[in-house]
Chemist: 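One structure, pasted below without further comment.
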Amino acid sequence: MTDHLDDRNILDEIRAVKKRLKTKLLILAHHYQRSEIVDIADFRGDSFGLSQKAAADKAAQFIVFCGVHFMAESAAILCQPHQSVQIPALEAGCWMADMADNQAVKRAWEDVATIVDEGSVMPIVYMNSDAELKAFCGRQGGTVCTSSNAPAAFRWALSQREKIFFFPDEHLGRNTGNQMGIQPDEMIVWNPEEPLGGNTAESIKGAKVILWEGYCLVHTRFREDHVMKMRKRFPEARVVVHPECTQEVVALADAVGSTSFIVKYVENAPPDTTIIVGTEINLINRLALEFPDKKVLDLHYSLCPNMFKISPDKLLRTLEHIGQVNRVEVPEAIRADARMALDRMLDLAP
Ligand code: 13P
Ligand code: SF4
């Protein structure tokens with residue numbers, strides 16, 4: 001009971017700060033945030049939508065980003081000089097982003113360049129990455145992409161260069177390649193621990209897409225047998241999954257797309273539809289509450305502990321020290337190059 005009252009007080013205090021700061025404050029929340037956070041935010045979205053919002057807003061002096069670090073960092077790169085970005089928990093990272101560090105990617109790029117002409121390879125970095133990797137892509141003429149515009153980014157890249165070097169999510173890369181009709185033997189995996197990423201010179205020459213061996217532990221937890229079991233229990237159900245799932249799970253689904261795509265998919269389904277969703281549990285639980293006329297079920301329980309690090313009390317503590325604590329800043333030399341790659345991403349509309 002006391003805890004409950006405490007939580008309510010925290011939310012009341014957050015509302016009071018919002019009222020005081022008015023349009024000087026913009027709270028952004030990713031779809032995987034807890035309901036209390038999403039409800040109190042000014043805008044919720046997927047990585048693409050949140051970047052668009054951070055780039056477009058000129059009124060707010062303070063942007064408070066409720067999501068993981070790479071998202072807040074991208075907002076800090078895209079916002080105006082008079083704006084500051086804060087994240088309520090600096091330690092809210094992303095396991096997948098941690099799977100590709102700057103040195104390892106540069107080493108791989110140089111290794112590929114010993115086999116094929118560097119100018120024939122377009123680097124595309126998934127949004128889930130450090131600013132330094134976005135800057136690397138910017139300098140090489142490449143782009144950032146999110147799960148919502150990955151096909152547009154692949155088309156853009158292949159209209160200019162022969163090959164794509166995609167990092168760090170092997171699965172989003174492969175699912176996008178499959179969607180575009182790229183053959184399985186034209187997509188190779190780069191293991192940074194192995195010489196030539198575990199490939200031969202011949203396979204690198206023949207590849208259209210080089211996929212970094214990174215993955216999301218939240219989404220690779222979904223397996224084919226989860227889909228088959230749920231389909232057996234609910235034969236009429238539709239299955240929608242995020243493209244960070246394996247290609248085997250995606251092949252068994254009815255639809256695949258970003259978190260905003262999943263939200264729209266549920267929203268647009270007729271009443272009484274059963275929808276089985278393969279993504280982070282906080283989003284699924286919220287969809288189930290928001291659409292009580294539909295049956296929204298999880299494919300399997302999978303929570304992102306990184307997203308969960310943002311809590312109402314941490315948000316309040318950040319708001320109490322607005323503009324001062326947990327600021328996310330990017331050194332200018334990195335920011336300028338990363339901005340080029342992020343601007344290209346924003347031009348590649350989903
Ligand atoms: P979206 O861009 O689809 O919101 O995905 C972000 C993410 O981290 C999924 O795990
Ligand atoms: Fe990173 Fe996976 Fe969490 Fe998304 S769900 S933020 S990819 S760890």
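Order of appearance sets the numbers: ligands from 1, and atoms from 1 within every ligand. Just so you know, residue 1 is the first one in the sequence shown, and it goes up from there. Note that the structure is predicted; figures quoted are calculated from it, not measured.
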Chemist: Do ligand 1 and S258 have nitrogen or oxygen atoms that lie under 3.5 Å from each other?
Modeler: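 Looking only at distances, the answer is no, because the N/O contact criterion of under 3.5 Å is not met.
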
Chemist: Between R174 and E248 (salt bridge meaning N to carboxylate O under 4.0 Å), is one present in this structure?
Modeler: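 The answer is no: the pair does not qualify as a salt bridge.
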
Chemist: Is C216 close enough to atom 2 (Fe) of ligand 2 to have an N, O or S atom under 2.8 Å?
Modeler: yes

Chemist: List every atom of ligand 1 that sits less than 4.0 Å from any heavy atom of E244, numbering the atoms from 1 in the order shown and giving each element.
Modeler: 7 (C), 8 (O), 9 (C), 10 (O)

Chemist: Run the contact test for H31 against ligand 1 with a 4.0 Å cut-off on heavy atoms, strictly below, and give the result.
Modeler: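 Flag not set, H31 not near ligand 1.
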
Chemist: With only distance considered, is D46 within less than 3.5 Å of ligand 1 through an N or O on each side?
Modeler: no

Chemist: Check for me whether H30 has a heavy atom closer than 4.0 Å to any atom of ligand 1.
Modeler: yes

Chemist: Could you identify the single nearest non-hydrogen protein atom to atom 8 (O) of ligand 1 and state the distance to 0.1 Å?
Modeler: N128 ND2, 3.2 Å

Chemist: Give the residue and atom name of whichever protein heavy atom lies nearest to atom 1 (Fe) of ligand 2, and the separation in Å to one decimal.
Modeler: C94 SG, 2.4 Å

Chemist: Of all the heavy atoms in E280, does at least one lie under 4.0 Å from an atom in ligand 2?
Modeler: no

Chemist: With backbone taken as N, CA, C and O and side chain as the heavy atoms from C-beta onward, which portion of Y32 lies under 4.0 Å from ligand 1: side chain, backbone, both, or neither?
Modeler: side chain

Chemist: Ion pair present between D57 and K53, side-chain N to carboxylate O less than 4.0 angstrom?
Modeler: no

Chemist: Report the nearest protein non-hydrogen atom to atom 3 (Fe) of ligand 2: residue, atom name, distance rounded to 0.1 Å.
Modeler: C304 SG, 2.4 Å

Chemist: Salt bridge or not between R344 and D347? Use side-chain N to carboxylate O under 4.0 Å.
Modeler: no

Chemist: Provide, to 0.1 Å, the distance between atom 7 (S) of ligand 2 and the closest protein heavy atom, together with that atom's residue and name.
Modeler: N128 ND2, 3.2 Å

Chemist: Is T146 close to ligand 1, meaning an N/O of one under 3.5 Å from an N/O of the other?
Modeler: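 Among all N and O atoms of T146, none is under 3.5 Å from an N or O of ligand 1.
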
